[in-house]
Amino acid sequence: MTSKTKTKTKTSPNTDDYLRMYTQMVRIRTFEDNANQLYLAGKMQGLTHMYSGEEAVAVGICEALTDNDRITSTHRGHGHCVAKGANYKEMFCELLGKQEGYCRGKGGSMHIADQSHGNLGANAIVGGSMGIATGSALRAKLLGQDDVTVCFFGDGATAQGLLYEVMNMAALWKLPVIYACENNGYSEYTKTEEIAAGSITARAEAFGIEAFSIDGQDVLGVNELSKKLVARCRNNEGPFFVELMTYRYHGHHVGDINREYYRSKKEEADWKENRDPIIRFRGWLVEQGIATEEEIETLNEQIKQDAKEAVAYAEAAAYPDVAEVDMHVYAETDPATLQAGN
Amino acid sequence: MTSKTKTKTKTSPNTDDYLRMYTQMVRIRTFEDNANQLYLAGKMQGLTHMYSGEEAVAVGICEALTDNDRITSTHRGHGHCVAKGANYKEMFCELLGKQEGYCRGKGGSMHIADQSHGNLGANAIVGGSMGIATGSALRAKLLGQDDVTVCFFGDGATAQGLLYEVMNMAALWKLPVIYACENNGYSEYTKTEEIAAGSITARAEAFGIEAFSIDGQDVLGVNELSKKLVARCRNNEGPFFVELMTYRYHGHHVGDINREYYRSKKEEADWKENRDPIIRFRGWLVEQGIATEEEIETLNEQIKQDAKEAVAYAEAAAYPDVAEVDMHVYAETDPATLQAGN
Amino acid sequence: MREITLSQAVNEALAEEMRHDPTTFILGEDVAEAGTPFKVLSGLVEEFGTDRVIDTPISEPGFVGIAVGAALTGARPIVDLMFGDFIYLVMDQLCNQAAKQQYMSGGKLSVPMVLRTNLGATRRSGAQHSQSLHVLVAHIPGLKVALPSSAYEAKGLMKTAIRDNNPVVIIEDKLMYQDKAPVPEDEYLIPFGEANIKREGSDITLIGTSSMVQVAEAAARILESEGISAEVIDPRTIVPLDEETLLKSVRKTSRAIVIDEGHQNYGITGEIASRLNEKAFYYLDAPVLRMGAMDVPVPFSPVLEDLTVPTPERVAENARRLCAGEMIHAA
Amino acid sequence: MREITLSQAVNEALAEEMRHDPTTFILGEDVAEAGTPFKVLSGLVEEFGTDRVIDTPISEPGFVGIAVGAALTGARPIVDLMFGDFIYLVMDQLCNQAAKQQYMSGGKLSVPMVLRTNLGATRRSGAQHSQSLHVLVAHIPGLKVALPSSAYEAKGLMKTAIRDNNPVVIIEDKLMYQDKAPVPEDEYLIPFGEANIKREGSDITLIGTSSMVQVAEAAARILESEGISAEVIDPRTIVPLDEETLLKSVRKTSRAIVIDEGHQNYGITGEIASRLNEKAFYYLDAPVLRMGAMDVPVPFSPVLEDLTVPTPERVAENARRLCAGEMIHAA
Ligand SMILES: Cc1ncc(C[n+]2csc(CCOP(=O)(O)OP(=O)(O)O)c2C)c(N)n1
Ligand SMILES: Cc1ncc(C[n+]2csc(CCOP(=O)(O)OP(=O)(O)O)c2C)c(N)n1
Ligand SMILES: [Mg+2]
Ligand SMILES: [Mg+2]
């Protein structure tokens, strides 16, 4: 939407923002390429879902947030995690079940969380974090804190009744939460139109929530809208709902290789070649004179290098000690707080 | 809506229908008056919710159905049960926990069901029957049967996510189901506007379901729309959603006596005096020359008498034998069907 | 000591803790002006306002999820679930979302929330408003489960529940809301995992939970009149379970009955009896007997409903036979 | 006899029953063209069409509720719940709506439906895709619960489940879908409530469910090489439970271990052990030992996850000690 404006130049105050957005998108893509390799090489076990293709959504939104703002993520959560500020090292360690992972190896890909940057965690229950995100927003409102919470979920997750329960409460109580529906056209092996009747944005509107449907491949458009909505949330005008039209390049999960029975190679190629969020933004950056092709190549290389090092680190890192298996089942409570008079 | 038309006369082919509708409404009111007395007299135990005031909804809808059509009911279910054709005797027996009750006394007020007339049962879980009703409609469609299912629920139940899950599927699969939302302005002790954001009908529309909001105190209006929608359901044009604006005269349940903290006596009086569905329809019947005041008084008396007899019968009826306590936990399966080759 | 009802005890605990910690708030259906159908919360909204005593729509999964999110980010929500039967509706939020956060995050996220609800039949409330479903949550690692048996426990356990850094499910007996018991004016908390010996005895141990503590005590009085000395123990929390106190008693008496209002089949009596059988095997004169609720949905009809729950008479009868050396089975 | 995989066995059972009864249909996420992520249903939509193999949106409570309604009015739905961990989401529909209809209606309404899902850890699927939650449904009167332990059981129990007039939950071990076993070509059904003696023995009884039957058998082989004769029994359905067969074995061997992949605490081992302790008390040389999964959410890290589930080695070790007269406790 904004990609045609020519007003920004290399000296624009937004240059850093643009470059960071580009960097973050490439960091996600590169992370996923490496994760996919680890899986194919048999070094990573379990269920993993690649975010490649959807980078502009996570980055466009998360770049509008501070570390204090919260997000909840999904089974397809690596992108949100990187975009919200996570480090490669702790992420790869987590994916490999190593002790230095964000969750000491106990969470894995589907439960990665990064408390330090406000990422409340991936969730292996589709729609499972909708309550959590809304509750985070209620906490902000009740305790007079001005952070905003973004709830990421897929088009398939709109079939979960929980969404309507929490949107109703968010609307009634005017909570600072943004429901971000990543509509990538599929839930697992099924097209969205086969599982979603009517209109997704109309569903939010029926609860009195202002809703938007935008191109999720345009990082600047996503970011611009996000900044507006975040500001309006802080100004007590929430909640909001945003549907972001996007596409996942890989199969539903890393093991979903033969998928022509549910979507064509042609369709995949079309999105990759003509609507790739990174290629598109890169073109714009160069066109605007914000970065040269060479600078961008250098950046890409640097990120690849970072990933390689982080992977090597994670592969060599230690597994948790077996004694950890029954640690962290319960949080500790300071015995003093359980005394009368305290 | 139709109460101003003057085209019907006593000889109209609909005379019987009108009188039956009137009768059914009075039968509901009279049933509830007796149930309330039983409670106040300490003869009936447990939780019971009176339908008085909402008669035109159940009757207007159920008179558009055949015995073959199904309904699912709610915690406030006596009205639906009577309207769908149940007998006083088995109903009062059920409310008193007697063996001759519709459910042999095992269900009680909140679980009364009348299989013989297609009433799949009251439900003590708010919204709990939304799946059941939708599944009944799916069964009709799959097995090529032409019955329609009506799902009754309250305004409060629209907060249950289940509604949106099943409406989505009903819309995708074009099921012959009518979602009938009895909006009586309250869920327990809370006003609807405090618990429902946006618009209730818009929520159904967002799933591509045609929705209506009508006066639930006008039995003819309710019946006319219901007949149309039932016919359209049979013609594969379902599902539909109808919001019926109505009012409950009693407290939320029989024990909810002092309720001025959540609704005023003035508001209650206004509905009872100016919008009572029975008074209104009675006036119309007389005005149209369909029945005289005397005929109506005779009818009313007859119904009171029926109720009195049924109550007396139920009070004297036997409790289930104690041996029944562990019967009916599991349905029997004919052992022959569990043999290979059968 | 002054006597107050269980309902007042809960109310006091909530009020005290809400004064004590500004991050606490209550969330649930008709909790504010109505003070819940059982009126347990009456007066709280007047003191704390609608910002901290929040009426929700009828969206149990939704508002439990909201509580999880609030707890995860720095508040201490107290969820009111109107009937224990609705636990089914919130199992995912409780067991997948709340219970596992601490573990899945390697100790970095915690969910200090309380879910208070109720259990108990014989109120003529039918099959969907009479269940005692505590075993469902007791099975899930990461949740703690408290079952107060009187006003005293209701207050002390609630205060501990609110201050605990984990999701705690506290289940009151809905028939007991108007029952009075001595409750100190001074502040006190009851630690989790400490069983309470309600009555000392030497011939048999009666372990009762929640509503069944009174049943066990009544049975003990019957037995006493017959010269049988029954020890009555209330575990108070079933997770964590104070196995030591139970074992000590059973090793002393050599006989035990575990009495609970949940269905017997695959219910909590199996766990408790097994632990006693395992660890006090050589002290036992007879296998630990279990008395749960009948394995039937709760019937409405009063004549049937009353049969489904253990009574003092039936407990006493079983105890008598056990002490007489008879071999009896629960089923 | 030909050998087929558990996955094929389930597929055959479904196809046979769908041919047999036109009121049967399958409902679930990605069941049609995709044949589920585990590919168990491959080919069924080609034979029966999308009217009888129905892809649903991701609405577990919704489509389970729909199945209840269809069953209540004359169809026989078979619900596919992609992961057993999602049982939490459908508890209300299963336990309040399906399980109680027959009883609440005094025998007039029935809900002949099947919910098929899975259990089992050690697949690196994390805490929300690895749970074994069968006790939650086993506790609820009105539900039947089958746990097939091989392709043979998977087929025979599924056919019985579909023909049974009650709601049946059948839970497969997701690690076993590719495991082959001899399965007759001729039609057969396995009755509910009949345990299977997988292996006869005289020194100790190993009772295993689902995935743990293989573990028990492997342990028995280890023990055999040491001269200890273990009897291995698979209850096949935990509701109804074939107590007689279990008791008979335990009365013979005097020792037993109950092995299950659900969490041990308040899980099914407590019920089974209690029944054996109660009814075979005087035959037992030692209390029945229980080995459930650890009481921790399932960790992702492979080095941790593998510790949480009983293994043949650990079962054999416990059996060895029991037979040597050592007093050991599960915890
Ligand atoms: C409650 C629940 N149901 C089903 C699944 C299995 N599942 C995992 S991802 C997925 C599809 C989700 O689709 P969508 O929300 O569109 O997200 P996407 O994968 O497209 O990013 C399904 C059905 C699950 N994890 N949780
Ligand atoms: C799942 C569930 N939550 C809460 C309740 C308690 N409850 C019973 S009726 C009711 C209010 C229902 O309001 P509405 O749907 O508008 O029906 P009405 O009583 O007005 O007819 C509530 C909250 C319940 N029975 N089930
Ligand atoms: Mg998607
Ligand atoms: Mg209402």
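The structure displayed is predicted, hence computed values, not measured ones. Scope of the values below: all heavy atoms of this structure, side chains included, with no hydrogens, waters or symmetry mates. Here is the naming used below: chain letters follow the sequence lines, and residue numbers restart at 1 for every chain.
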Between chain A and chain B, are any donor-acceptor pairs under 3.5 Å, and how far apart is each one to 0.1 Å?
| from | atom 1 | to | atom 2 | distance (Å) |
| --- | --- | --- | --- | --- |
| A:Gly161 | N | B:Glu165 | OE2 | 2.6 |
| A:Glu165 | OE2 | B:Gly161 | N | 2.6 |
| A:Asn168 | OD1 | B:Ala197 | N | 2.8 |
| A:Asn168 | OD1 | B:Arg203 | NH2 | 3.4 |
| A:Asn168 | ND2 | B:Ile195 | O | 2.9 |
| A:Ile195 | O | B:Asn168 | ND2 | 2.9 |
| A:Ala197 | N | B:Asn168 | OD1 | 2.8 |
| A:Ser199 | N | B:Ala206 | O | 2.9 |
| A:Arg203 | NH2 | B:Asn168 | OD1 | 3.4 |
| A:Ala206 | O | B:Ser199 | N | 2.9 |

(request) Pick whichever of A:Ile195, A:Ile200, A:Leu163 has the most heavy-atom pairs under 4.5 Å with chain B. (result) A:Ile195
(request) Return the set of residues passing side chain to side chain contact (heavy atoms under 4.5 Å, CB included) with B:Ala204 (not counting sequence neighbours), or none when no residue passes. (result) B:Met167, B:Ile209, B:Ala211, B:Phe241
(request) Considering only heavy atoms and a distance below 4.5 Å, find which of B:Ala196, B:Ala170, B:Gly208 pairs most often with chain A. (result) B:Ala196
(message) To check you understand the geometry: which heavy-atom pair defines the closest contact between A:Ala171 and B:Ala197, and what is its length?
(response) CB-CB, 3.6 Å
(message) Restricting to side chain to side chain contact (heavy atoms under 4.5 Å, CB included), what partner residues turn up for A:Ala113, sequence neighbours left out?
(response) A:Cys103, C:Leu109
